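Worksheet: the structure to be examined is printed underneath.
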Amino acid sequence: MKAVMNPTYNPAEVESRWYPIWENSGSFRPEVNPDGEPYCIVIPPPNVTGVLHMGHALDHAIQDVIIRRKRMQGFAALWLPGMDHAGIATQNVVERELRNEGISRHDIGREAFVGRVWAWKSKSGGSITQQMRKLGDSTDWSRERFTFDEGLSAAVRKVFVTLYDEGLMYRANRIINWCPTDHTALSEIEVEHEDEAGELTYIRYPFTDGDGYITVATTRPETMLGDTGVAVHPDDDRYRAAIGRTVMLPLMNREIPVVGDDEVEPDFGTGAVKVTPAHDPLDFDIGKRHNLESIVVINTKAQITAEGGEFAGMDRFEARAAVQARLAGIDAIEKIEEHRHSVGHCSRCDSVIEPLLSLQWFVDVQPLVGPAIDAVKSGRTRFIPKRWEKNYFHWMENLQDWCVSRQLWWGHRIPAWYCDACGETIVSIEDPTVCACGSNDLRQDEDVLDTWFSSALWPFSTLGWPEETEDLAKFYPTATLVTGFDIIFFWVARMMKMGLHFTDDAPFTDIVIHGMVRDAASGRKMSKSSGNALDPLELIDEYGADSVRLALIQSAAPGHDIPLNTDWVDASRRFGNKLWNAIRFAVEFMDVDGVPVDGGYPAQPGPEGAWVLSRLSDVTTEVDRLLDEYRLSDAYGLLYNFAWSEVFDWYLEMAKTISKDDDRAPIMRQTLGVVLRDVLKLFHPAIPFVTEELWSHLADGPELLVTASWPDIPEYSSPEHVDSLQELVTQIRQFRSQHQISRKIEIPVTIVSGDDPLPDWWLAQIATLADCSPFNGARPGAETGQTRMFAPGVEAFISLEGLIDVDAERPRIQKVIAELDASIGRSRGKLSNPSFRDRAPAEVVAQEEARLAEVEAELAEQNRLLEELG
RNA sequence: GGGCGUUUAGCUCAGUUGGCUAGAGCGCCGCCCUUACAAGGCGGAAGUCGAGGGUUCGAGUCCCCCAACGCCCACCA
């Protein structure tokens, strides 16, 4: 018995019903296609603290379209979900909780704190996994992973220890980027540079021999407290004589040398630079080259240390003003200029980064770079769109060593132990209990690893590596990665390096890069901070997940940003409603249901059926081509127009003209059913909920649409008659509209065909679709008061007498003539050009000639009609 | 200082081997409550494809140059 379908589609009710059915049926597991070729996408793991935003919605919609189609195509398709432990972000959330209780993490200690984070995770973390279900993500939840779970942590240790054994993981004292707020080291890509207004302070450093001074320029005068030298370019004539002399550092009264160094830019400032090896990366290098001492004058809280003398204890910015004032007091400042310069900020908390000399762990990435570049250069892995490859190469070629240690508690603790007795460092997978020297006085390194370290292993660690699991053998290397360009450096490049190094294969074949979702109104990136963010969850509640997905997919041209507003979502919702009603009509009013899941394509579908099936076949072929190239927006734009403008607007209307007791009714129902079935299949990856619901009304058998087969349509050739039918109907409608003729008036139309009499079905279609009474007969005499229409193979005549004011037809014909004239002009121009005839392909020339002949004939006829009208 | 992207209808955007009269959604105008859908149907108006130059029989599409806007990278202290 048929279920009654509501005339208005209600997404909320339908969507909440289907997801559990899919999930519980195991449809998202690759095991549903046990013999299928493996196809795997690993999800970019959202932060455990994350809530679903538009960026996720886009990223997931794309991945879901890809994986759902592959599943329907019979692949053993796996979309592997999971989350990232998100070191700093998560630690901050729990620290905020503690702060509300009036305590800090140091009050409860490391172990208790980590316990609190786990407790938070099980209670509040991972809400995004429920939100992904609302979106319809067909991820295999039985394989869900977490970067901090046991298996992945084992992979992290294995990688760390291996890199250490290979000499690629080392501990060193370097200038690193320090966030004084998050109180941890950061890698250089976690620092965002912004141009800001600042000052360039020119300070005089007197020579110790009393003969003059040298002026240095700095944006950070407070660092002068730690100066241990002044550097000039060795070829700079102004300063050549100064090299080797010493100056007296003001305020500190420290004698420091002037050195010559090629890295100094003579054109900047005074051409002489103060050297603070402990607080500037360039100065650190210069200091090393010239054996200058490193004096730490700023601590991890961004305060001046005891080495800073009278300024000790001051905040760095307070000290900047104080140092300037003191220098001015002793007349050591030559001038202060306004100066815009780039200032580094913590990408997480926006604090100004402090370059600090610090003992940290680093990965020597150079040996990993070559294979990662080669994999892309050779085409083993390709970026889509290709232009991102250039960015990837450029970044790879300019890599610094990766600072991986973080001064946090939430993260993978560095598997290094230090022996207090002998000073030995032990790096091992298993926790050591005793040192080679016999001492068991071992301290594990306090630091944890950069969150991105475990993310870099994601494609293989989630599949079981370093164990040789079945999943790893089957699904690695994975097929496709889908992500935004903003994390190519953070994540994609590192996965490539680690994947190639540890598995000897690139982790993906295709890397699909999409843009950012933007607010269509302002053009800005959607973000909470700018207050222009659309909340996908609110949109899902209001419009349905299908609408949000389709809007994103249709807007997402490959590699471009996506402007989104609710109009797009609303248009998608209307499409869902249209689809709903089209199928409701077929099921309830045309008795189309029990459509077979596979095949069932009619061998003799009749002319309308052959037309729609040939269009379906063409469109499916094109959609497959577009989807294979990841052009989702083009594919679904095409399908959207096909479904609405051709299937619903034309074919469904044609089907209506065939009454239930007509001999052609059974074949029409079969054809309509098969076409609608395949439309549902083609749309399912984009709008899974409404299509699954409609499938349950339309199709026969127990199979869910989610695991149904992708369409494979036999060839059909379309009868030419259908084109002329559509053209003539459109022209009659235009005629009616132009002359404001009510639909209630049936227009008598005499139709003349070139050869055979027109079939009854054709006349019946014309009659219904154009609300006219067609008569297939001889060409009427050349009496006045007729209008004439052309369509391939047929002409139509309408007597204007009694239908319209005959005079009103004149301007219409004149307009038609003007258009035809223009067209003929263009055509003749082309054809009279000898070069065109010589050089254009013969088929293009022939096409042009045929077109001209046709248009000329029509022009002659319209001119004749105009004359008849007088 | 490098690199990349964008510029097409009132708005937001498609347009990938150069080839009929450049498309879509929304908006706008007219008619229609036709029993799938008024969240709809039918019809319509609207674009010198950022400026200039070049290649070509033919350029929104390829090349050069310019302009505006946006993004990324970069240790000018």
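Computed from a predicted model, the values in this text were never measured in an experiment. Sequence lines set the chain letters: A, B, ... in the order given, protein chains first and strands last, and positions in each chain run from 1. FYI, side chains are in, hydrogens and waters are out, and symmetry mates aren't considered; it's all heavy atoms of this structure.
- Considering only side-chain atoms of A/Glu265, the nucleotide from B/G43, B/A24, B/A77 that sits closest is B/A77.
- Checked by distance alone, A/Lys578 brings no side-chain donor or acceptor within 3.5 Å of a matching partner on the base of B/A39.
- Residue contacts for A/Glu653: at a heavy-atom cut-off of 4.0 Å it reaches a base atom on one of the strands shown.
- A/Trp568 places no side-chain N or O within 3.5 Å of a backbone atom of A/Gln554 that could act as its donor or acceptor partner.
- Among the atoms of the strands shown, none is found under 4.0 Å from any heavy atom of A/Ser742.
- For A/Glu188 against B/A74, a side-chain-to-base donor-acceptor contact under 3.5 Å is absent.
- Looking at the side chain of A/Arg573, the nearest of the listed nucleotides B/G19, B/A39, B/C75 is B/A39.
- Checked against B/C75, B/A36, B/A77, the side chain of A/Gln400 finds its nearest nucleotide in B/C75.
- Ranking B/C20, B/G19, B/A14 by closeness to the A/Asp634 side chain, first place goes to B/A14.
- The nearest whole Å value for the distance from the OH atom in A/Tyr640 to the P atom in B/C26 is 6 Å.
- Note on A/Trp644: a side-chain N or O is less than 4.0 Å away from OP1 or OP2 of B/G41.
- One interatomic measurement links the two molecules: NZ of A/Lys830 to C1' of B/G18, which rounds to 11 Å at whole-angstrom precision.
- Distance, A/Glu848 CD to B/U21 C1': 11 Å, rounded to whole Å.
- Counting any heavy atom pair closer than 4.0 Å across all strands shown, A/Val216 reaches no nucleic acid atom.
- When heavy atoms are screened at a 4.0 angstrom cut-off, A/Pro355 is found touching no nucleic acid atom at all.
- Spacing between B/G25 and B/A46 at atom C1', rounded to whole Å, works out to 15 Å.
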(request) Please step through ring-ring contact (aromatic ring centres under 6.0 Å, His included) for the pair A/Tyr640 and A/Trp644, ending with a clear verdict. (result) CA-CA 6 Å; A/Tyr640 182 102; A/Trp644 199 317; 5.8 Å; yes
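- Contact between the side-chain N/O atoms of A/His341 and the OP1/OP2 oxygens of B/C75 is not found at any separation under 4.0 Å.
- Checked against B/A36, B/A77, B/C33, the side chain of A/Thr218 finds its nearest nucleotide in B/A77.
- Here A/Ile583 lies out of heavy-atom contact (under 4.0 Å) with every strand.
- Distance, A/Asn10 CG to B/A39 P: 16 Å, rounded to whole Å.
- One interatomic measurement links the two molecules: CG of A/Asn641 to P of B/C26, which rounds to 11 Å at whole-angstrom precision.
- Using a 3.5 Å distance cut-off with no hydrogens or angles, the side chains of A/Glu646 and A/Tyr651 do not pair a donor with an acceptor.
- A cation-pi geometry, defined here as NZ or CZ lying under 6.0 Å from the six-membered ring centre and within 45° of its normal, holds between A/Lys656 and A/Phe585.
- Looking at the side chain of A/Val844, the nearest of the listed nucleotides B/G19, B/C33, B/A36 is B/G19.
- Rounded to an integer number of Å, the gap from A/Phe489 CZ to B/C72 C1' is 7 Å.
- There is no side-chain donor-acceptor pair under 3.5 Å between A/Ser737 and A/Gln734.
- For the OP1/OP2 pair of B/G25 and a distance below 4.0 Å, the side-chain nitrogens and oxygens of A/Arg574 include no atom meeting the criterion.
- B/G60 and B/U16 are spaced 13 Å apart, taking the C1' atom of each and rounding to whole Å.
- Between A/Arg733 atom CZ and B/G30 atom P there is a gap of 21 Å when expressed in whole angstrom units.
- Between the side chains of A/Ser827 and A/Arg851, at least one donor N or O lies within less than 3.5 Å of an accepting N or O.
- In this structure, a donor-acceptor pair under 3.5 Å is present between the side chains of A/Asp227 and A/Thr276.
- For A/Glu854, the side-chain contact (heavy atoms from CB on, under 4.5 Å) test picks out no residue, with sequence neighbours left out.
- As judged by a 4.0 angstrom heavy-atom cut-off over every strand, A/Asp649 is placed among residues touching the sugar-phosphate backbone only.
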(message) Wobble G-U and Watson-Crick pairs count when both distances are under 3.5 Å; given that, what is the 5' to 3' dot-bracket string of RNA chain B, with | for pairing to other strands?
(response) (((((((..((((.....[...)))).(((((.......))))).....(.(((..]....))).))))))))....
Show each protein N/O and nucleotides 3-8 of chain B N/O combination with a separation under 3.5 Å, one pair to a line.
{"from": "B/C4", "atom 1": "OP1", "to": "A/Lys390", "atom 2": "NZ", "distance (Å)": "2.8"}

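- Considering only side-chain N and O atoms, A/Gln734 lies under 4.0 angstrom from the phosphate OP1 or OP2 of B/G44.
- Taking only side-chain atoms of A/Trp568, from C-beta outward, the nucleotide of B/U12, B/C42, B/A77 with the closest atom is B/U12.
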